[in-house]
2 protein chains.
Amino acid sequence: MRGSKSGYALGGHDHKPLYAQVRDLIRDNIQRGDWGPGKLLPNEFELGRQLGVSQGTVRKALDLLARDQIVIRQQGRGTFVNQHTPAEVLFRFFQFRDEHGERVVPTSRAIHTRRGKATRLEADRLELATGAPVIRHVRVRAHDDRPFVYETLVLPEALFSGLGRDGKLPNTLYDRFQKEFGITVDHADEQIGTQAADGQAARMLDIAVGTPLMRIDRRTIAIDGAVIEWRVSLCHMAGLHYAVRVG
Amino acid sequence: MRGSKSGYALGGHDHKPLYAQVRDLIRDNIQRGDWGPGKLLPNEFELGRQLGVSQGTVRKALDLLARDQIVIRQQGRGTFVNQHTPAEVLFRFFQFRDEHGERVVPTSRAIHTRRGKATRLEADRLELATGAPVIRHVRVRAHDDRPFVYETLVLPEALFSGLGRDGKLPNTLYDRFQKEFGITVDHADEQIGTQAADGQAARMLDIAVGTPLMRIDRRTIAIDGAVIEWRVSLCHMAGLHYAVRVG
DNA sequence: GAGTGGTCTAGACCACCCT
DNA sequence: GGGTGGTCTAGACCACTCT
């Protein structure tokens, strides 16, 4: 057993459980692009046969991947690689709500996109070497024609070569990350604080200098654990709030 | 099968899977206090025998409860009802960090505790009838002798009769909820926004009127789904941030 | 009807904890 | 050494989807 009949390298000398090895193998296949977004995976028995493990072990691996939203399981249809859509990404990662608790659907206006070398701070946050090439994108997001988010995105050029060469980035980035660069987003870690609007932010958000803003410092993590984005958003929260769950 | 041999009411006419029925039954036992915090549960085979289901089904139920942190499983020892400790509760629900990303351990100073009838807003947030008896507690929390959170807690009197009669509430409430009132916290939903300090907040936090504050509006939910607390915190974030994970 | 994931069972062996 | 949870397997049946 233990995958000896398989072309894959299961078993080996580590002590990870079989189901964890199967999960990692499938996840790596997806991360490498061998199985693209939306693709139907082989069924549980077929995967088990290929890997030399039982169907129950494959099931446990797939259940873990489904929990992390890396695959989608549908009874009677099969198991599919999760395909990020603009709507789904917005739902997962854009948590602004209005006074009635309704989700805010923002528009986006690019200010500029520029390439440069990572500062010490940027390198630290993106886990790059200082001076590594990065892409910086600045934009303003609006709701009901009122600008309310002024944000700077910093991306490692190595992961996104060519992105935004035409000066334009889409409203929702994460689905494009997956489609064009094979990078699937897992989650984002955020540090939330406050700060008063400086001149630049006040101009961009059409508010008075000194207006209280919410500052969201986000690091976005891919399913292989790599940091793929650092984003600082200054938000004018009048009538809005940011919804999170803790515990 | 299907629990016909058991004194418990498994099976019945609903279509919930067996493992979900087992999970709910165990969770209800805990919520009712039949199995108190820290108690060792019967082992998987014994539970299965009592309920007339297989060990594998019990295992699936317990795994779900462990995922929700309602029980703690320890290989070689057994499965225990999760016991909220002040440290664990602070770790799960108090997400302020300092500039180095280190967790902030706050002190607490009570301003007052008063009883009253729920306003429309309070009733709405706590899912009570307007006029239902509530307990209101106001306090200031400090870090390194600097006050940084001024907050008002509103609790349904029906759930916490007698709480704070002596005018004092502990620094961490949620472990006391469990120990003294048999209420186990599941999670909290928060709405985060900003506002400028008014006179009262400025006085309490020793800052100037108009200083940007973070406003956290938290509703705390028990494992049976009941809303057990509404809390509004005004936070002076100088040098601090609030850490959350999204996605 | 064929194929898929979802549930449930039964049994084996392993890793870990305690005494 | 005895008891516990953790892993893995094998097989049965059910619910759902598609053709």
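Each chain gets a letter, A, B and so on, in the order the sequences are listed, and its residues count up from 1.
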Using whole Å, what does the distance between atom [atom2] of nucleotide [N] and atom [atom1] of [X] come to?
| X | N | atom1 | atom2 | answer |
| --- | --- | --- | --- | --- |
| E46(A) | dG5(C) | CD | P | 11 Å |
| R23(A) | dC8(D) | CZ | P | 12 Å |
| L18(A) | dA10(D) | CG | P | 12 Å |
| L40(A) | dC18(D) | CG | P | 12 Å |
| F45(A) | dA10(D) | CZ | P | 10 Å |
| L41(B) | dG3(D) | CG | P | 19 Å |
| R49(B) | dA10(C) | CZ | C1' | 17 Å |
| I72(A) | dG6(C) | CD1 | P | 11 Å |

Could you work out which one of [options] sits closest to the side chain of [X]?
| X | options | value |
| --- | --- | --- |
| K60(A) | dC8(C), dT7(D), dC8(D) | dT7(D) |
| Y19(B) | dG5(D), dC8(C), dC8(D) | dC8(C) |
| Q75(A) | dT7(D), dG6(C), dT4(D) | dG6(C) |
| R77(B) | dA15(D), dG5(D), dC18(C) | dC18(C) |
| R73(B) | dG5(D), dC8(C), dT7(C) | dG5(D) |

**Prompt:** Does a side chain donor of either D224(A) or Q31(A) reach within less than 3.5 Å of an acceptor in the other side chain?
**Reply:**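 Short answer, yes.
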With a 3.5 Å cut-off and no angle check, do the side chains of Y174(B) and E88(B) form a donor-acceptor pair?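 Short answer, no.
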Practice task
Find the distance between CD (E46(A)) and CG (L41(A)) and round it off to the nearest 0.5 Å.
Solution key: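 It comes to 11.0 Å.
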task: May I ask you to verify if any side-chain N or O of T57(B) is less than 4.0 angstrom from the OP1 or OP2 atom of dT7(C)?
output: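 No, outside the criterion.
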Just N and O in the side chain of T79(A): are any of them under 4.0 Å from OP1 or OP2 of dT4(C)?
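Result: no.
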Quick check on DNA chain D: between N43(B) and Q74(A), whose nearest nucleotide comes earlier from the 5' end?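 Whichever sits nearer the 5' end wins; that is N43(B).
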Report task. Look at all strands and tell whether Q55(B) reaches a base, only sugar-phosphate, or nothing, counting heavy atoms closer than 4.0 Å. Result ->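 No contact.
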Passing option when I192(A) is tested against M214(B), H241(B), M237(B) for side-chain contact (heavy atoms from CB on, under 4.5 Å):
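The residue from M214(B), H241(B), M237(B) that satisfies side-chain contact (heavy atoms from CB on, under 4.5 Å) with I192(A) turns out to be M214(B).
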- Side-chain donor/acceptor contact of R59(B) with base of dG5(D) under 3.5 Å: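 No.
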Is the NZ or CZ atom of R176(B) both under 6.0 Å from the centre of the six-membered ring of F181(B) and within 45° of that ring's axis?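 Output no; distance or angle outside limits.
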